[in-house]
Amino acid sequence: MLDSLKNEILRLRDERDALILAHNYQLGEVQDIADFTGDSLELSFKAANCEKSLIVFCGVTFMAETAAILAPGKTVLLPVLEAGCPMADMADAPRLRKMKSEHPGALVVTYVNSSADVKAESDICVTSANALKIVSSLPSDKEIIFVPDKNLGAYCAKMTGRKMILWPGFCPTHMRITPEHILKRKSEYPGAKVVVHPESPLDVIALADEALSTGGMLKYARNSPAKRIIVATEIGLIYRLEKENPDKQFIPVSEQAICPDMKMTRLEDVLAALKNMKHVVKIPEKIANLAKIPIERMMAESRKA
Ligand code: SF4
């Protein structure tokens with residue numbers, strides 16, 4: 001049954017000339033069927049360089065929007081329309097315009113976990129993989145408005161020494177991770193290394209060996225001699241960590257670190273998307289053109305050594 005479902009998806013993928021992309025937090029079965037699985041930055045590059053005519057994006061709305069902005073000649077499908085991001089929904093363009101008017105001259109640095117409307121009001125985007133590098137590269141005499149993740153913004157401010165005006169948004173999944181979770185796991189697994197996603201609060205990050213994006217965590221797991229790693233991010237990443245490193249043990253910091261939106265997409269939805277060409281991501285051309293500027297600035301900065 002599972003095999004016939006997978007075979008049908010692959011058949012339709014080829015027939016439709018499609019590329020299937022999946023975020024690292026997607027269900028294991030979806031990651032397995034994808035042509036490429038990665039973090040937001042890696043997926044942005046894949047979308048921008050896609051040679052197929054169709055992209056099926058297994059993730060949440062802002063990711064599929066970013067793919068559509070970066071690949072304007074392609075059709076981008078989001079298999080489950082309701083798969084959104086509560087953090088992205090915490091910021092909106094009218095309130096950002098008001099904040100900008102209160103801080104004239106400030107640069108707007110926007111986490112890619114945001115709507116196209118918010119990106120369109122921004123100077124440059126960041127992901128958790130490149131936020132420190134990009135914030136460090138900005139002119140030091142400029143104030144920075146950081147949108148929408150107050151935790152990633154606070155981490156950047158702490159690490160770079162830059163003054164930041166933080167938008168009060170957060171990821172509910174990473175906010176559920178507490179210092180107590182880390183301390184409990186550390187006592188259960190003495191000697192284990194701890195990796196934390198910088199969407200977590202600062203008091204959680206302070207207890208980690210490394211603060212890393214999901215792509216960074218995968219690299220760390222490959223290269224570290226550590227045999228046991230406590231992982232403080234959405235638990236979907238554990239699937240890929242275990243698959244790529246069968247000789248190592250990965251301990252989820254909390255079973256509560258689940259993003260319901262990231263778990264909405266099932267194989268049946270991927271198949272239905274390909275069959276019915278649903279749901280096509282559409283962004284007004286004016287917004288897409290404006291939103292593309294800060295995303296492309298980010299990608300150009302990321303390419304620099
Ligand atoms: S894990 Fe957090 S930031 Fe990522 S999609 Fe879910 S709510 Fe949004």
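Counting starts at 1 for both ligands and their atoms, in listed order.
Salt bridge status for E301 with R297: absent, with no side-chain N to carboxylate O gap under 4.0 Å. Salt bridge annotation for E244-K219: absent, with no cationic side-chain nitrogen under 4.0 angstrom from a carboxylate oxygen.
Annotation: salt bridge (charged side-chain N to carboxylate O under 4.0 Å, His left out) contacts of K292 (sequence neighbours excluded): E296.
Separating the CG atom in L5 from the CD atom in E29 is a distance of 8.0 Å, to the nearest 0.5 Å.
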Would you list the atom pairs, donor with acceptor, under 3.5 Å between side chains in residues 136-143 and any protein atom, with sequence neighbours excluded?
{"from": "S136", "atom 1": "OG", "to": "L132", "atom 2": "O", "distance (Å)": "2.7"}
{"from": "S137", "atom 1": "OG", "to": "I134", "atom 2": "O", "distance (Å)": "2.7"}
{"from": "E143", "atom 1": "OE2", "to": "K163", "atom 2": "NZ", "distance (Å)": "3.4"}

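Distances from atom 8 (Fe) of ligand 1 under 2.8 Å pick out these protein N/O/S atoms: C85 SG.
The salt bridge (charged side-chain N to carboxylate O under 4.0 Å, His left out) pairs that include a residue from residues 166-184 are K184-E188, where partners are two or more places apart or lie in different chains.
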